[in-house]
Structure formats: structure tokens, C-alpha cells
Amino acid sequence: MSEKLFFENIKGFIAASFKATPSFGQNLYLCGFKFRILFKKEKMEYNFAEIEPKWQKYWEENKTFKTPDDFSKPKYYILDMFPYPSGAGLHVGHPEGYTATDILSRYKRMRGFNVLHPMGYDAFGLPAEQYAIQTGTHPAITTNKNCDNFRRQIKSIGLSYDWDREINTTDPKYFKWTQWIFKQLYNTWFDEKQQKGRPVSELVVPDEIKEKGEEAVKKYIGEKRLAYYDNAQVWWCDSCKTVCANEEVLTDGSHEKCGNQVVRKNLKQWLLRIPHYGERLLSGLEKLDWPEGVKDMQRNWIGKSTGAEVDFEIEDLEKDLRVYTTRPDTLFGATYMVIAPEHEWVNEITTSDKKDAVETYVKAAALKSDLDRTDLAKEKTGVFTGRYAINPVNNKKIPIWVADYVLMGYGTGAIMAVPAHDTRDFEFAKEFDIPVVCILDPKDVENRDEILKGDACWTEDGEYINSANKETGLDINGLNKVTGIQKTVEWLERKNLGKATVNFKLRDWLFSRQRYWGEPFPVIHWEDGEVTLVEDEDLPLELPDLEEYKPSETGESPLANAKDWLLVTDKNGRKGRRETNTMPQWAGSCWYYLRYIDPLNEDSIFDVKKEQYWMPVDLYIGGAEHAVLHLLYARFWHKVLFDLGVVSTDEPFQKLFNQGMILAFAYETNTGAKVSSDLVEEKEGKYFHTETREELKQIVAKMSKSLKNVVNPDDVIDRYGADSLRLYEMFMGPLDERKPWAENGVKGVFNFLGRAYRFFAESENIVEGTEDKEVAKLLHQTIQKVEFDLEHLKFNTAISALMVFNNLVIKKGKVNKETAETFAKILAPFAPHMAEELWSKYGNSKTLAYESWPAVDESLLKEDSFEYPVSFNGKMRFKIEIALDMPKDEIERAVLADEKAQKWLEGKTVRKFIFVPRKIINVVVG
RNA sequence: GCCCGGGUGGCGGAAUUGGUAGACGCGCUGGAUUCAAAAUCCAGUUCUGGCAACAGAGUGCGGGUUCGAUUCCCGCCCCGGGUACCA
């Protein structure tokens, strides 16, 4: 029996016996003896396990966070990167970003914004399919189960999502529109002149094409479409039985999803012409409020370079070899040419006596994976074709080589090599004893002589030498790089030998996978070779049920086995076959932020007015792992939709912020065996195995099953509650930094919440009357600080400000009701359950989620004096309180006359007196 | 190699960007409460020396600018992320 219960039981007896009702904790005098009632007065214990479910239920039942499309209010769209619902459930890394956005959402609501804050699931993906292959369970079943678990976990954190807007990429009602967007891409071409995507119906087919007939017209249009179907050399993962996009292949040649080595394969694939949007994707970055690092990564990925294409005559061939170079200014230094082994003209260029050597080399290169080619980067290989080209600037004969350091996929697949001024060419030239001709004098550098002799490579700016030819009329001697390039390009264009060109690293996006669990393409391949799209009214094209989810050995997706679904006949009896590839996981996540705007709309992708109101996303928070791909792909789709007039903004995400990864401590023995964290004991900074007593090494690492260091938010909530979880996620450190999870830290914020609750929930502490000056001042400083920090996403310091305030009021022992209510309000975004509980305790019947954020009373913040730190020669020695309106010379007199100053002035003269208002006083003595 | 971040007490981290280095929290030490423990409360806690007042040192390392540098400049070292023959 608890003390309290025991007291309740005997209270009636005491009352009857002594004609007085005792209260819990009172002393009792009985027959002259003092009986202290052993039970102390009950404290307002912080019972999160009772408070939190209660408010979660309240929010759910009252649809507190249902977002109206109220166009009269200012809007704020705050978005999380939606999760892939894995079977493992959430780990504490997920709620980091979710908590941050939730705090801001709650804060913005209190500031009067109509806040759109939705959540959903990016639920297509490999794990559910692999599970289906093993067990025969339909991926939809696994997926729904996982989504249910994610939803339960997310709700238990008290996040204020509008659950009526929940979306799921695997829901046919959702992917109907993913398929619809694919159709738009297919029916769009990119107008280079207007730098804009336009409907294929507006594409003007040149007469000479029309003359060739319908096939030629179709081909012409097909080559312009943003989505096209073609044979593509792709990376094939034999273990996943699927192709992988370039970007899914890691630099060591392994598949990022499974770790197995990938191989080359030639397959019919869907591809998207994202490079057409290279320029727009690049320039669009400028006006975005994104971390510079992410912008840089996207810029690097897009990889724009400006240079020139130059045509070289080939000796004894009626052909010009076209190269791309960023350094047309170095043409005078070109001493050889290189074509890629895959170059179309290799055979033609190669002279008969070199045929064998070249063929052998080309074959060997084809067998090498890109991995090997990069691995052997240190040693350049190549073989002479026997053929020469003519350098247009000086009509000199230079040999043409084949070498695999030149890639077919970039530029023209052929280069002019300038060993004196390009490190790769230099290495190659040294390897094969090709002359190195320096044409750029670096002037003031240590190894200038070496460079001039051609014994070293110089890639920076300088002054041209040996760069003139009377016959051709080009002379750039004495110029520097910028003007040299300019003049050479002008010369090339005038002579019709070349032209300025822009190149992008960005490649066509491989947009199909040989999988079951993805969006089916709304495409039919007919027996006569025609390709048509499924009509809008027949969307969504759903996935067929299968008995077997295994991919076929040929590389076709499991959909090829669904004969009923696969084979179609049109009204004329023509037979067709549906596309068996499915879309990659990126598809659903490329536009989900648009569907939240109007998730239940069955007639269109969304309502135009709603889109105009809600877009763009004001703040998008997620992991840095999506810095390039997801964000680039989504921007690409968005720009196409913008060009087609579907969306009203050119960019989808105005502000982006990356949360840092949450790491965890892991423990290992001397032999490297991992020890589960709950079997570890700390003693004086050392770690021991609780059972074997062995000393362990602490490491910080990503959370993973194999390291036995995964922290599950369910456990944290069980032990400390959702508010503590939320607070700790934010208190750990800056949102964008990586940081290790420490259970003790959770205890710290839990203590804070407990202290705050015990104080603010205790009615005795909440009194009538005007507030204590110090408390009032700090309260308003705290409001200001929290506001500032929230606007700057500095959650950790905002929480620390709340702690500082809490510490003060506990010391003071009492506050007035206004202060208590204000505290509840500013605590609300962070610890909403507890704030609601306090708010209702103060007699409010409505949720405080829409109470207005307290205004800072500037008059309380005014200071009339400042405690200046006084330094001597830059070293702080003592402090002195000085009125803010005191003139400088008076301050100097006061400081120098102060008795504490005498010690530092003794035997010295004051050289300088520095006074910075509200900052510091520094006396320079010597 | 190149491009981005980042190095501050025993630990996580503050310092509103040139002005009191170490806020807040953890841990630790001491005390109160308790039969005892847990919980809670109070005090202390950068390091070195000293009982203390106090003094000296101190923000990865070495220089520099400045009255004053965690903050700016130059040269290094280490850690993390991205990228990789892109002509």
C-alpha cells in the first residue's frame, strides 16, 4: 500500500477522533506527544506516462492539427523528408528532424501562420520485395504493417502532423499521379532557345524530316522527348537482379543497396533527359536558401564546363576529328590526340599495320569495368593508331592515340592532348615519350625552368610563349589565360574550325528497374513497334498480384510472368505487351510534397488554387544523404511541371536544412568483439563488461545492428516520456552536426522537465500580484532568446534558455499566474504535452496550440547600467558597474580611480584607454 | 588529388561573429533528506600552484594582424562528408 493510500484510509478515522481534518504531511499532537505523520505532502510528481497519452488522445479526437485551406491567413509549409518504412521501425535518428520541424510548426501556429505540416511514407522499395521473394507475402502487406508501426511510433512522439493528409507512394490513388507525371515527361520536349520544356504538340518538325515519312517524324520527336526508351549500357547487380543508376554504384564498383559488385549490361531502359535542364538546375540554386555545401555538391554533380569544340583534320581521311576542350588557348601545345576506345571511328582511323595492337587494346578496355579503369588511374595506358591529325593553329602533324583515360560519355570522346599544361596528358606523354611543349610561361614559380623545358606540368595562368603562327594568323603570345581563350575561340569561329561550347557532367537519368514493387510504367509496346501510353482515364495502372516475386534470369522484371496483366489487345485486334520495368524509388519522392497540398483529390493532381497558396515549401528538413539525387531529381520534375504550367513556382524548396546524423557509442573488447551497450558499466572514465569485468573500448559510430548500439525511441519514451525524447533530440547540439546519443543526456532534460513541472504545476507556487522584477526581466529575455533561436534553428540554446529561466524561478520560489502561463506557452513547442497539462491546470479549457506567442515587453529589457569587464593589456581583471549614459572621459576617470585598478596601474603609465559601449573596457599600460 | 564541413573542460556542447572563453546539461566531489537506498534539494567543479585571497597557462599545431583573436590572415596536422582520369 502506498503512503498516500494508507493516509486516505485512516484520514476519516483521524478526522472523527480529533474533530479536525488533517492534511497530508501535517504534524499531529496526540496526548501530548507529537506524532509526525510519516508521509510527506504529496508533490506534484511529473507523471509523463499519464500526461502524454492523455494529450495525444485529445489532439487526435479534436483534430487539433487539421490544416484548413484558409487562404486568408499567411501560410507556412514545413516539410520533413518522408521515411521509407522499414521493418526495423524508427531509430532515434528519425525523430531528430521531425522534432525540429514539429517545434517550428507549433511555434509558427502560435505566431498566426496557417501551417502545413504533413507526413507520409516512401513505401516502394527493395526490402519488402525481397521479403516477398523469401516468404511469398505480398509486399503491400509488409509495407502496410510497417507503415502502421511507423505511424504509431511517430504519434507517440506527439508530433503535430495533419494526419488527414497522410500519403503513401504505394497507394494507387497516389501513384496514379506519379504515372501521370511520367506521361507529361514523355510528352514534353526541351526548347533550347526558350530554355523551357514545352508540349510535344508544339514541336515543329522540320520539312526535310517530314519528307522522309511518318517513321522519321516519330523518331525525330522521340529524340526530343524528356522520357525515352532505348538500349542503354547499364550497371547490373546480379544479386539484386536489377539495374542500378550510375549514382547507386559506389566508387569501388559495388551496389550501394547490397554491396555486391555490379557488371555492365545492355538493356532496353527508360531514361530521362535531365541534362537539358542542367543550366536551369544550376542557375536556380542561386536564389535558394540552402546550405552552401549542398549547393556546391549539386553544382559539382551538374558539372558545367565552358570550352570549345575544335575540328582537327585527319591525315588521308575525309573526316574531321572533333574534340572538346576547356583550354582552346593551349592549342599550340597540343602534341598528340586521344580517342576513347569506344569511339566510333577507332577502326577507320587505325592504320592497317596498327590494327592488331589497337584491337587488342580496345577489347581489353571493354572488359575492364570502370572500377578497374579508375583503379589503374596511376598508370596511363594507350596505343598509337598509326594515324595523324593536323593541328589547325600551326598545321603540324600530331599522332592520334587510343587510350582509356578518355571517356566516350563526356564531350566528344576525343581530346587534344596538351601535356605541358594538363596533368593527365603529362603523365601519358611521359609514359610514351611524346614531346612536351610548354607554351605558357608561369613566371614567378620555383620550378619555372623545369616547366619551360617540358619536364614539369603547369596548369595555372601565365603568359603565352611559342603561341603564334604566321600562316594561320593566330597569335596569342604575351596574353594571359582569359584573353588567350577569348582570342582563340574568336579565331576558331571565324575560321569555322570550332565554336564555344558548354558541357555538363550530368547524364541522362536511368529511370527504370527490373522490379515488382514500384510504379508500373503506363506504357504499352505494340507488336508493330509502336509505343503508346495508357489513357489518363485508365490510370492508375495497378500492379498485378503474383505468386512468384523472383526476377527472371533474363533480367526482366517479375511482371513479365503476369500474363493476364501483361498482354493486351486493342480494339483493332493488335497485340501489345505492357512495359515490365517499374519506376525507381525516386519517382514517388520526386513530387510527394505537391500531393500533401490536396491529397484526396481524385480528379486532378491537386487543386490549382491550393497549390498557389501553399507552394513553395518554406522549410524542408532532412538528411544530407539526399543532397544531390533526391533534391536534384525533384527540382528537375518541378521545373518541367512549372514549364507546363502545372505548378506556379520554378523551385520547390525555398529553404533547406540538413540535420546531422545521430551516432551512438559502441563498445568492443580487445579482440574487437562488440558488446551490447546495456552490458557496459562506466567507472572513472573507463568501461567494463558487467559480466566478464573485461575493460572495453568506447567508440562512436553509426547506429547499426552489428554494433549493437541502436537506440529505439519506444524505449526512451517508456523510460522518460516523449517530451524528454523531443527535448534531448534538440538539446544534444546543433541540428546540422553529427553527434552521439548519450542516455545520460536524456536524463538531464528529463530532470529539467521534472523540476519545471514540480514547480509550475504546484498551485502554491503560483501567486497573485505583480511579478518580481528579476523574474519578469529574465522571462522576457527568455522569450526573445527562444524566438531568435527558433528563427535560426538553434534549438539547443533555446532549450538552455528555458532551463536558465526555470532555475531562477525555482530559486525565487514563486511566480504570478501570468508568468506561469507565459512559460507554458514558450515551452509548448518543445514539450507540448507538459505545456498543455500546465495550461489546463491554470484553468484553460482549450488547447494552447493556437494561443498567440507572447510578445516581448521591451520596457522590461531596458538597462540603465552595464557591468563592464575591465582588462589590463587584454587580460580581464575585475568588473565595474557603470551607468550607460556616462560619458567616456568620466568613465576613464572612474575606472582609473577605482581601488581595484591600482594594483595594475602601479609603476606603469596608461598608454591607451579603450572603451567599447556595452562590451568592454581595456586599459593599455606599459 | 580536388571540393565542402569540423577540431573548445572528464563528456555533449555555449560564446547573437573582433570584446568577460567554458552558458546549459551530463559526470564527478561534498552536504541535506532517509533506518538505508532510489528520487529530490543545496554547494563546488577548465588545468597547474596555493588552506585561501590570488597568480600563471589555456579554444588542434606554428606564425601574423590588433589595445584585444575560439572568431580575421598565412602555413601545417588530424577527423568527417562528397567526388574521382569530366579534357
Side-chain angles (χ1 to χ4, degrees), chain A residues 40 43 45 251 291-297 299-301 303-305 307 323-327 330 338 370 373-374 376-378 380 403-407 409-418 422-425 427-428 503-507 624-625 627-628 658 660-661 663 665 682 684-685 698 727-728 731-734 736-749 751-752 754-755 758 784-785 788-789 792 794 796-797 799-804 807 810-811 867-879 903 911-914 916 918-925:
Chain A
K40 282 174 292 179
K43 283 237 186 85
E45 272 313 315
T251 41
E292 275 311 312
V294 175
K295 288 193 191 180
D296 277 339
M297 279 163 71
R299 284 187 194 112
N300 287 337
W301 196 262
K304 179 183 174 176
S305 79
V323 302
Y324 173 71
T325 176
T326 53
R327 296 291 304 275
T330 59
V338 184
D370 266 15
R373 276 167 77 156
T374 37
L376 297 172
K378 269 136 211 138
K380 296 274 186 288
D404 66 5
Y405 81 91
V406 171
L407 307 174
Y410 187 78
T412 62
I415 62 158
M416 65 174 209
V418 186
D422 181 285
T423 47
R424 294 154 305 182
D425 298 343
E427 280 168 27
F428 189 86
N503 247 306
F504 292 96
K505 272 203 282 190
L506 191 62
R507 301 296 161 78
E625 65 273 23
V628 177
N658 291 130
M661 194 187 303
L663 308 170
F665 294 112
E682 193 198 333
E684 288 163 10
Q698 187 189 55
L727 231 54
Y728 181 60
F731 188 65
M732 294 174 84
D736 53 352
E737 247 150 66
R738 47 165 40 211
K739 46 215 174 265
W741 185 270
E743 163 121 12
N744 276 338
V746 190
K747 236 192 273 174
V749 294
N751 284 344
F752 158 65
R755 274 160 65 83
R758 284 188 293 274
Q784 197 175 43
K785 168 89 177 148
F788 180 89
D789 285 352
H792 293 85
K794 292 165 60 145
N796 54 333
T797 49
I799 293 167
S800 114
L802 292 171
M803 289 173 167
V804 171
N807 289 344
I810 286 172
K811 202 168 257 173
E867 191 179 35
Y868 281 96
V870 180
S871 307
F872 289 83
N873 292 342
K875 189 109 190 141
M876 210 282 283
R877 295 302 177 182
F878 62 89
K879 288 179 192 171
K903 180 175 171 188
R911 308 248 184 238
K912 209 167 181 182
F913 186 86
I914 287 146
V916 185
R918 283 177 171 276
K919 294 281 186 200
I920 205 173
I921 289 166
N922 189 18
V923 188
V924 185
V925 294

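Protein chains get the first letters and strands the later ones, always in sequence-line order, with residue 1 at the start of each.
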Just the rounded figure in Å: distance from [atom2] of [N] to [atom1] of [X].
{"X": "A:Glu625", "N": "B:G5", "atom1": "CD", "atom2": "P", "answer": "19 Å"}
{"X": "A:Asn658", "N": "B:G81", "atom1": "CG", "atom2": "P", "answer": "15 Å"}
{"X": "A:His792", "N": "B:U16", "atom1": "NE2", "atom2": "P", "answer": "12 Å"}
{"X": "A:Lys875", "N": "B:A69", "atom1": "NZ", "atom2": "P", "answer": "11 Å"}
{"X": "A:Phe878", "N": "B:A53", "atom1": "CZ", "atom2": "P", "answer": "19 Å"}
{"X": "A:Leu506", "N": "B:U83", "atom1": "CG", "atom2": "C1'", "answer": "15 Å"}
{"X": "A:Lys747", "N": "B:G12", "atom1": "NZ", "atom2": "C1'", "answer": "15 Å"}
{"X": "A:Lys785", "N": "B:A15", "atom1": "NZ", "atom2": "C1'", "answer": "9 Å"}

Under 3.5 Å on both distances, the Watson-Crick or G-U partner of [N]:
{"N": "B:G75", "result": "B:C61"}
{"N": "B:A37", "result": "none"}
{"N": "B:U83", "result": "B:G1"}
{"N": "B:G30", "result": "B:C42"}
{"N": "B:G12", "result": "B:C24"}
{"N": "B:G56", "result": "B:C47"}
{"N": "B:G68", "result": "none"}

From the list [options], which nucleotide is the closest neighbour of the side chain of [X]?
{"X": "A:Lys879", "options": "B:C67, B:A87, B:U20", "value": "B:U20"}
{"X": "A:Asn744", "options": "B:U16, B:C26, B:C3", "value": "B:C26"}
{"X": "A:Asp422", "options": "B:A87, B:U20, B:G27", "value": "B:A87"}
{"X": "A:Lys903", "options": "B:U40, B:A87, B:A55", "value": "B:A55"}
{"X": "A:Met297", "options": "B:U20, B:A87, B:G82", "value": "B:G82"}
{"X": "A:Thr325", "options": "B:G19, B:G13, B:A87", "value": "B:A87"}
{"X": "A:Asn922", "options": "B:G25, B:G19, B:G80", "value": "B:G19"}
{"X": "A:Leu407", "options": "B:A14, B:C85, B:U20", "value": "B:C85"}
{"X": "A:Tyr410", "options": "B:A14, B:A87, B:G58", "value": "B:A87"}
{"X": "A:Arg758", "options": "B:U40, B:G13, B:C3", "value": "B:U40"}

Evaluation steps, side chain to side chain contact (heavy atoms under 4.5 Å, CB included), between A:Met876 and A:Ile920
CA-CA 9 Å; A:Met876 210 282 283; A:Ile920 205 173; 6.0 Å; no
With a 3.5 Å cut-off and heavy atoms only, can you find an N or O donor on one side and an acceptor on the other between the side chain of A:Asp296 and the base of B:C4?
no
Would you mind classifying the nucleic acid contact of [X] as base, sugar-phosphate or nothing, using non-hydrogen atoms under 4.0 angstrom?
{"X": "A:Arg877", "value": "sugar-phosphate"}
{"X": "A:Lys739", "value": "sugar-phosphate"}
{"X": "A:Arg299", "value": "nothing"}
{"X": "A:Pro291", "value": "nothing"}
{"X": "A:Asn796", "value": "sugar-phosphate"}
{"X": "A:Val916", "value": "base"}

For [N] and [M], measure between their [atom1] atoms and round to the nearest Å.
{"N": "B:C24", "M": "B:G44", "atom1": "P", "result": "11 Å"}
{"N": "B:G68", "M": "B:G64", "atom1": "C1'", "result": "15 Å"}
{"N": "B:U29", "M": "B:G10", "atom1": "C1'", "result": "13 Å"}
{"N": "B:G63", "M": "B:G13", "atom1": "C1'", "result": "30 Å"}
{"N": "B:A69", "M": "B:U17", "atom1": "C1'", "result": "12 Å"}
{"N": "B:A43", "M": "B:G19", "atom1": "P", "result": "31 Å"}
{"N": "B:U40", "M": "B:C54", "atom1": "P", "result": "34 Å"}
{"N": "B:A53", "M": "B:U65", "atom1": "P", "result": "37 Å"}

Under-4.0 Å side-chain N/O to phosphate OP1/OP2 contact, [X] with [N]:
{"X": "A:Lys295", "N": "B:G5", "result": "no"}
{"X": "A:Lys794", "N": "B:A15", "result": "yes"}
{"X": "A:Asn807", "N": "B:G25", "result": "yes"}
{"X": "A:Arg755", "N": "B:C42", "result": "yes"}
{"X": "A:Thr797", "N": "B:G13", "result": "no"}
{"X": "A:Asn751", "N": "B:U40", "result": "yes"}

Closest heavy-atom pair and its distance - [X], [Y]:
{"X": "A:Tyr324", "Y": "A:Gly307", "result": "OH-N, 3.4 Å"}
{"X": "A:Val294", "Y": "A:Ala627", "result": "CG1-O, 3.7 Å"}
{"X": "A:Phe665", "Y": "A:Ala742", "result": "CE1-CB, 4.1 Å"}

Using a 4.5 Å cut-off on heavy atoms from C-beta on, say whether the side chain of [Y] contacts that of [X].
{"X": "A:Val925", "Y": "A:Asn873", "answer": "yes"}
{"X": "A:Ile810", "Y": "A:Arg758", "answer": "no"}
{"X": "A:Arg755", "Y": "A:Asn807", "answer": "yes"}
{"X": "A:Asp736", "Y": "A:Pro291", "answer": "no"}

Please tell me which of A:Arg327 and A:Pro734 maps to the more 5' nucleotide of RNA chain B, matching each residue to the nucleotide holding its nearest heavy atom.
A:Pro734
Relative to the 5' end of RNA chain B, which residue comes earlier, A:Tyr728 or A:Ser800, by the nucleotide with the nearest heavy atom?
A:Tyr728
Run the numbers on A:Met803 and A:Val749 for side chain to side chain contact (heavy atoms under 4.5 Å, CB included), then give the verdict.
CA-CA 9 Å; A:Met803 289 173 167; A:Val749 294; 4.0 Å; yes
Specify the glycosidic conformation (syn or anti) of B:G63, with syn defined as within 90° of 0.
anti
Relative to A:Tyr405, does A:Lys380 satisfy both conditions: NZ or CZ under 6.0 angstrom from the six-membered ring centre, and within 45 degrees of the ring's axis?
yes
